[in-house]
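The structure appears below as structure tokens.
This one's a predicted model, so the numbers in the text were calculated from it and none came from an experiment.
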Amino acid sequence: MIAIKAKGLTKRFPRTSRYRDLLPFRNREWVMAVDNISLDIEEEGVFGLLGPNGAGKTTLIKMLCCLVLPTSGTAQVCGYDVVKEEPAVKKLVGLVSAEERSFYWRLTGRENLQFYASLYHLPRKLARKRISELLHLVGLTGEADIRFQNYSTGMRQKLAIARGLLSEPRVLFVDEPTRSLDPVSAQAVRCFLKEKVAGEGKTVVLATHNLSEAEQLCNRLAIMNHGRINALGSVPELRSLFQTKEKCRMQVRRFSDAIRSQLCLIDGILDCRVTDQYDGFANLELMISKRSAVLPRVLQTMVHGGAEVCDCQLGELPLEEIFVHALHGASKEEGK
């Protein structure tokens with residue numbers, strides 16, 4: 001099932017650097033925040049919007065949450081149009097933002113949640129029960145009656161997640177959930193989102209520029225830059241798309257120069273060298289392309305030459321390199 005469907009979604013803002021730019025008769029310059037994005041996000045699991053600051057991630061999320069009207073294009077959340085059926089969409093979504101000013105600092109954590117529950121028109125008895133459950137879920141039961149201004153950054157982020165879950169949304173949008181958090185608090189937030197939120201059957205849309213966070217949490221990723229999606233897929237799919245060569249390390253028994261000569265003749269082996277030899281064993285390092293075609297031939301050559309492969313390890317392309325390839329590759333295409 002498709003939770004979110006966007007087609008040609010576009011948002012541009014007028015550039016207002018001077019007071020004159022606000023005058024209605026002036027020719028305005030426009031900034032393209034989201035540029036013709038088409039996207040399908042399946043129900044359940046975590047979908048990541050990965051990109052540098054200014055890539056358009058937050059604007060895209062705000063359009064899907066009905067906080068910003070699109071300039072053009074359409075989007076549906078759980079089958080409801082974000083423009084024509086705004087009230088229905090708002091009942092189905094929750095938003096977790098790192099913006100602390102959206103809380104009342106002199107109210108306690110519990111009182112803040114009670115205020116937002118009233119905005120959702122939750123009955124008082126149901127709201128009390130729901131707030132107690134959420135405070136327990138995010139680990140803030142003991143700090144529920146402390147003023148928000150005395151919360152640590154990690155506690156504030158946990159309260160933001162609790163607020164996002166108040167209305168029991170089917171789709172939870174999370175914008176930079178671990179920004180400014182220490183490593184321990186950040187890991188706790190990540191585990192909570194993956195196990196307690198996505199693990200309970202909800203759809204989570206995560207906007208982040210943290211590569212390790214995206215790799216740890218997301219089932220699928222969209223890499224964004226300058227308002228566009230440059231690459232889309234799971235991490236293994238993106239690796240297969242951008243990984244043109246990879247390193248293969250082998251430990252081989254009874255390896256010989258004749259076998260090495262045969263390996264160098266295989267199409268797809270870019271480099272072959274022995275890094276270490278001891279007690280009849282050789283450690284090899286191969287640089288290969290076309291893994292599915294090359295590896296069977298490598299093993300076949302070893303066996304026919306009388307060698308025995310004891311270990312074989314393939315080095316995967318780090319997400320950082322996928323990210324760089326996606327951004328730079330798109331830049332080259334635009335420059336043509």
Side-chain angles (χ1 to χ4, degrees), residues 2-17 21 28-42 46-77 81-83 86 89-90 93-99 102 164 171-180 203-215 217-235 238 241-242 319-320 322-335:
I2 302 298
I4 296 171
K5 188 176 188 67
K7 186 174 182 181
L9 203 59
T10 299
K11 182 62 183 179
R12 58 177 186 164
F13 295 98
R15 190 187 299 276
T16 53
S17 57
D21 295 331
R28 290 188 172 183
E29 294 183 17
W30 296 88
V31 177
M32 190 69 73
V34 174
D35 188 1
N36 194 33
I37 280 182
S38 295
L39 180 66
D40 288 349
I41 300 176
E42 295 180 357
V46 183
F47 184 90
L49 298 173
L50 180 63
N53 292 329
K57 308 183 298 294
T58 299
T59 303
L60 177 58
I61 280 180
K62 286 183 176 180
M63 284 193 287
L64 295 175
C65 289
C66 305
L67 297 177
V68 172
L69 284 172
T71 304
S72 62
T74 61
Q76 294 179 336
V77 177
D81 190 279
V82 297
V83 176
E86 178 183 332
V89 173
K90 286 186 173 179
V93 303
L95 174 63
V96 176
S97 172
E99 180 54 65
S102 58
V171 181
L172 184 67
F173 294 92
V174 188
D175 191 6
E176 304 287 357
T178 59
R179 186 174 65 188
S180 303
T203 303
V204 178
V205 179
L206 169 73
T208 183
H209 59 257
N210 186 316
L211 300 175
S212 61
E213 181 170 273
E215 187 166 19
L217 291 179
C218 300
N219 308 103
R220 297 181 73 232
L221 288 169
I223 298 178
M224 292 185 65
N225 196 28
H226 301 304
R228 298 180 182 178
I229 292 179
N230 293 352
L232 177 66
S234 65
V235 173
L238 293 174
L241 181 63
F242 291 102
L319 188 57
E320 287 85 351
I322 294 174
F323 185 67
V324 170
H325 283 310
L327 298 188
H328 289 184
S331 299
K332 289 177 182 177
E333 289 296 324
E334 290 170 5

Out of R12, H226, R228, M63, which residue meets the side chain to side chain contact (heavy atoms under 4.5 Å, CB included) rule with V34?
M63

Output, in order, the C-alpha distance, side-chain angles, deciding distance and verdict of side-chain contact (heavy atoms from CB on, under 4.5 Å) for V93 and L64.
CA-CA 9 Å; V93 303; L64 295 175; over 6 Å; no

Taking atom CG of L49 and atom CD1 of I229, what is their separation to the nearest 0.5 Å?
7.0 Å

Shortest non-hydrogen contact between A3 and V171, atoms and distance:
CB-CG2, 4.4 Å

In chain order, what residues pass the side-chain contact (heavy atoms from CB on, under 4.5 Å) check against A231, with sequence neighbours excluded?
I223, L238, F242, A326

Partners passing side-chain contact (heavy atoms from CB on, under 4.5 Å) against V235 (at least two apart in sequence or in another chain)
E215, L221, R239

With rounding to the nearest 0.5 angstrom, report the NZ to CG distance, K11 to L69.
6.5 Å

Heavy atoms only: give me the nearest C66-V89 pair and the separation to one decimal.
SG-CG1, 3.5 Å

Residues forming a salt bridge (charged side-chain N to carboxylate O under 4.0 Å, His left out) with K90, sequence neighbours excluded:
E86

Check step by step if side-chain hydrogen bond (donor to acceptor under 3.5 Å, both in side chains) holds for S38 and N36.
CA-CA 7 Å; S38 295; N36 194 33; 5.1 Å; no

For L232 and A222, work out which heavy atoms get closest and say how close.
CD1-CB, 3.8 Å

For V174 and V46, run side-chain contact (heavy atoms from CB on, under 4.5 Å): C-alpha distance rounded to whole Å, both residues' side-chain angles, the deciding distance at 0.1 Å, then the answer.
CA-CA 10 Å; V174 188; V46 183; over 6 Å; no

Tightest non-hydrogen contact, residues C218 and F47, listed as SG-C, 4.2 Å

T10: what forms a side-chain hydrogen bond (donor to acceptor under 3.5 Å, both in side chains) with it, not counting sequence neighbours?
none

Give, for atom CG of D35 and atom CG of L60, the distance between the pair rounded to the nearest 0.5 Å.
12.0 Å

Smallest heavy-atom separation, A33 atom then F13 atom, equals CB-CE1, 3.7 Å

Residues forming a side-chain hydrogen bond (donor to acceptor under 3.5 Å, both in side chains) with E213, sequence neighbours excluded
T178, R190, T208

Looking at every heavy atom in both P177 and A207, which two are closest together, and how far apart are they?
CD-O, 4.0 Å

Atom pair CG (N219) and CD1 (I41), whose distance is rounded to the nearest 0.5 Å
11.5 Å

Tell me, please, which residues at least two apart from V31 pass side-chain contact (heavy atoms from CB on, under 4.5 Å).
R15

Before giving the answer on side-chain contact (heavy atoms from CB on, under 4.5 Å), spell out for I4 and Q76 the whole-Å C-alpha distance, their side-chain angles and the decisive distance to 0.1 Å.
CA-CA 6 Å; I4 296 171; Q76 294 179 336; over 6 Å; no

Keeping to residues at least two apart or across chains, list the side chain to side chain donor-acceptor pair (under 3.5 Å) pairs with something in residues 52-74.
N53-H209, T58-D175

Can you sort out the partners of K5 under salt bridge (charged side-chain N to carboxylate O under 4.0 Å, His left out), two or more places apart, ordered by chain and number?
D40

